[in-house]
Amino acid sequence: MSLSRYPSTWKSLQQVKQAPFLFATRWGPQQRFVSVLSKTKTRTLGKTQGRVVILGSGWGGYQLLRKMNKKDYEVTVVSPRNYFVFTPLLAGTTVGTLEYRCITEPVRQYSKDIDYHQAYVESIDPEKQTIRCSSNLDDNRGQLFDLDYDKLVICVGAYSNTFGTKGVKEHGIFLKDISDAKKIRNRVLECFEYAAQPGVSPKEKAAKLHFAIVGGGPTGIEFSAELCDFISEDMSRLYPELVKDTRISVYDVAEHILCSFDAKLSEYATKKFTRRGIQIKTGIHVTEVGHDFLDSKEEGKVPCGMVVWNTGITANPLVETLDVAKDERSHRILTNDYLQVMDKSNNPYPNVYALGDCSTIQDNALPATAQVANQKALYLSKVLNDQIKGSGVVKPFSFRNLGAMAYIGKWQAVVDMSPVHKKAKEGGSLAWFFWRSSYLSMTVSFRNKMLIPMYWFLTYWTGRDVSKL
Ligand SMILES: Cc1cc2nc3c(=O)[nH]c(=O)nc-3n(C[C@H](O)[C@H](O)[C@H](O)COP(=O)(O)OP(=O)(O)OC[C@H]3O[C@@H](n4cnc5c(N)ncnc54)[C@H](O)[C@@H]3O)c2cc1C
């Protein structure tokens, strides 16, 4: 299970190896010797049940960290970012409906009783029970160090899928993390400021103020809705002469938007979007994205100021390097019903688990959602905590589908809870109230439970902040 994403870091590893004084040693919870390939020594907390290393601080990793018994396990998180993002509200931060810090939770702040390293995991050695990490700090980026584990949980999520479309990585903007939300917010503001400058022709204005969203799934739809709210509620006030030139288009290869929702709700959302002037372009194959255009098989080159790309997920590079059983189509790690990672002959590793977007259960594919990651993390925390007590028979994981929700703009949402109750499908303001209150109740810290409604109120009362930072 090893291979590097950054060849340069292997070079630095070789340099470190040639300088033995840089090696430090550590005695793990089970008195195992491990080399640490940097000056940094890892902390030993001396817990009785050994070290559980969690890879990733997303929905899977963060929920697991919260629920693990930290008195008896030495819990260590390794993730390139030191915070959790509450993704269902990420679209709102792209236009300032909410501020970024309302939807993040710092990993270390949840409990003093954990260890955290800001790094990418580069490779995993299940025989030696070690992982190789590459620092993700500005001052020593790429510096390698090893950690040992007694139990390992892989929840590194997935990357955005471009389907190999030319120019997407260079010119498109994804919506996965806070940095993406910042990019989008600044780009929209840049386009408006550009269009407002003297000497800009009407043709140029129309091109800059055309915002294209590729992908009509819940993420693309929620972002389009937020953008439309922003333009109609704030930019129309600040740039009244430009609003007539502004256009939002949603492109999808499928015949409908929100395909995973009930057909009536998808139709409802389409009608609402059309009424608000958002163009829904279904059955379109995007072939290229450029700095200032989007090219498709059906429409040819269309000028635009920004392309936001949300067409699903592809495997994390770490997962690509692992020599374990994987799903043939999605390349996600294949686990058994107990979330254990399996070798290529489908024999489970007893102490290596995977959950969230990076994995899927053999013969029981579930959607890549926060709901699934969250339920799997709750299940695994219970299994691991019960192992301390040595209690009971372990039941396999079973998923309880609670349905799906999406914001569609202007105080409206669609809620499809038909898996819970056949008739529980709703579109409109009541659904919007349900959408907002359920996500608010799911946020983690008291601080964010206060900040989020406060920002919602401020947005309503004073409008969104349009500073380009
Ligand atoms: C804008 C948006 C809105 C969404 N809305 C919803 C919703 O309303 N409902 C819903 O159910 N789902 C929603 N989702 C999907 C949901 O966010 C994902 O399914 C969920 O985040 C998956 O959790 P995860 O822990 O597997 O991965 P993630 O949450 O993506 O976390 C992965 C973690 O792994 C870290 N990582 C990456 N590579 C490495 C590495 N090499 N080593 C160590 N760590 C690594 C990352 O930094 C991150 O901390 C939304 C997603 C987005 C992007």
Side-chain angles (χ1 to χ4, degrees), residues 3-6 53-65 76-94 103-105 107 116-124 131-136 147 152-161 173-181 184 213 215 217-223 226 260 308-313 315-322 332-333 354-360 366-377 380 399 401-407 413-416 435-436 438-439 442:
L3 229 153
S4 168
R5 281 187 314 118
Y6 304 116
V53 176
I54 301 170
L55 311 188
S57 55
W59 273 93
Y62 192 68
Q63 182 65 287
L64 190 65
L65 148 79
T76 299
V77 178
V78 182
S79 178
R81 63 175 200 210
N82 76 348
Y83 55 87
F84 159 75
V85 180
F86 191 83
T87 48
L89 298 180
L90 185 62
T93 65
T94 60
I103 63 157
T104 58
E105 305 283 352
V107 171
Y116 166 75
H117 300 290
Q118 187 163 334
Y120 281 96
V121 172
E122 295 271 315
S123 60
I124 299 169
I131 56 170
R132 175 147 300 163
C133 311
S134 155
S135 169
N136 190 38
L147 289 176
L152 180 71
V153 189
I154 308 170
C155 12
V156 294
Y159 279 35
S160 300
N161 199 349
I173 310 182
F174 301 115
L175 181 52
K176 287 245 1 133
D177 209 336
I178 296 292
S179 54
D180 301 321
I184 292 174
I213 293 99
T219 305
I221 291 306
E222 288 193 335
F223 167 65
E226 290 282 358
S260 55
V308 176
W309 190 272
N310 279 303
T311 57
I313 56 170
N316 182 303
L318 172 69
V319 172
E320 296 281 13
T321 69
L322 302 182
R332 293 161 86 185
I333 300 170
L355 55 92
D357 287 1
C358 69
S359 70
T360 183
L366 296 169
T369 62
Q371 199 185 135
V372 174
N374 195 47
Q375 287 188 27
K376 282 186 175 177
L380 189 60
F399 175 58
N401 191 346
L402 299 172
M405 306 186 264
Y407 178 58
V414 284
V415 174
D416 183 355
W435 171 82
R436 266 206 172 173
S438 16
Y439 280 135
M442 278 181 227

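Both ligands and their constituent atoms are indexed starting at 1 by order of listing. We use all heavy atoms of the structure for the numbers below, so side chains are in, but hydrogens, waters and symmetry mates are not. Bear in mind that the values here come from a model prediction, so they are computed numbers and not experimental data. Along the sequence shown, residues carry numbers from 1.
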Numbering the atoms of ligand 1 from 1, which are under 4.0 Å from a heavy atom of D357?
18 (C), 19 (O), 20 (C), 22 (C), 26 (O)
Per-residue contact class, T369 against ligand 1 - non-hydrogen pairs under 4.0 Å:
both
Backbone of G403 reached by a side-chain donor or acceptor of N401 within 3.5 Å:
yes
If you measure every N/O of L355 against every N/O of ligand 1, is any gap under 3.5 Å?
no
So, E105 side chain and Y83 main chain: donor-acceptor pair closer than 3.5 Å or not?
no
Which ligand 1 atoms, with their elements, are less than 4.0 angstrom from a heavy-atom of V78?
43 (C), 44 (N)
Just so I know, are the side chains of F223 and T94 near enough to count as touching, which here means a heavy-atom distance under 4.5 Å?
yes
Is a side-chain donor or acceptor of N136 paired with a backbone partner of P80 at a separation under 3.5 angstrom?
yes
Could you tell me whether the side chain of Y116 and the main chain of N82 form a donor-acceptor pair under 3.5 Å?
yes
Is ligand 1 under 4.0 Å from a heavy atom in the side chain of A373, in the backbone, in both, or in neither?
side chain
Does some non-hydrogen atom of A91 fall short of 4.0 Å from ligand 1?
no
When you measure from the side chain of R132 to the backbone of I124, do you find a donor-acceptor pair of N or O atoms at a distance under 3.5 Å?
no
Filtering I124, I131, T219 for the heavy atom nearest atom 1 (C) of ligand 1 leaves T219
Say whether, by atom type as modelled, one donor and one acceptor occur between the side chain of D180 and the main chain of K176 under 3.5 angstrom.
yes
Under 4.0 Å from one or more heavy atoms of C155, ligand 1 contributes atoms 32 (C), 33 (C), 34 (O)
Measuring from non-hydrogen atoms of F84 to any atom of ligand 1, is the shortest distance under 4.0 Å?
no
Give the atom numbers and elements of ligand 1 that come within less than 4.0 Å of a heavy atom of Y120.
40 (C), 41 (N), 42 (N)
Check: Y407 main-chain N/O paired with E222 side-chain donor or acceptor under 3.5 Å
yes
If we only count N/O pairs under 3.5 Å, is S57 in contact with ligand 1?
yes
Going by distance only, is there an N or O of V121 that falls short of 3.5 Å from an N or O of ligand 1?
yes
Checking the N or O distance criterion of under 3.5 Å, is ligand 1 in contact with N316?
yes
Under a 3.5 Å distance rule, please check whether T87 uses its side chain to pair with a backbone N or O of L90 as donor and acceptor.
no
G356 to ligand 1: N or O pair under 3.5 Å?
no
Are M405 and S438 side-chain neighbours, meaning at least one heavy-atom pair lies under 4.5 Å?
yes
If the cut-off is 4.0 Å to any non-hydrogen atom of V156, which atoms of ligand 1 fall inside it?
32 (C), 34 (O), 36 (N), 37 (C), 38 (N), 39 (C), 40 (C), 42 (N), 43 (C), 44 (N), 45 (C)
Looking only at distances, can you tell me whether any N or O atom of A158, backbone or side chain, sits closer than 3.5 Å to an N or O atom of ligand 1?
no
Can you sort out which atoms of ligand 1 are near Q371, meaning under 4.0 Å from one of its heavy atoms?
11 (O)
Does the side chain of V372 come within less than 4.5 Å of P367's, by heavy atoms?
yes
Using a 4.0 Å cutoff against the non-hydrogen atoms of Y439, which atoms of ligand 1 qualify?
7 (C), 8 (O), 9 (N)
Taking only heavy atoms of A368, which atoms of ligand 1 are found under 4.0 Å from at least one of them?
19 (O)
Examine S79 against ligand 1 and note whether any of their N/O atoms are separated by less than 3.5 Å.
yes
Please answer whether the main-chain N or O of N161 pairs with a side-chain N or O of T311 as donor and acceptor at a distance below 3.5 Å.
yes
Using 30° and 60° as the class boundaries, would you call the ring planes of F86 and W59 parallel, tilted or perpendicular?
tilted
Is there a nitrogen or oxygen of Y83 sitting under 3.5 Å from a nitrogen or oxygen of ligand 1?
no
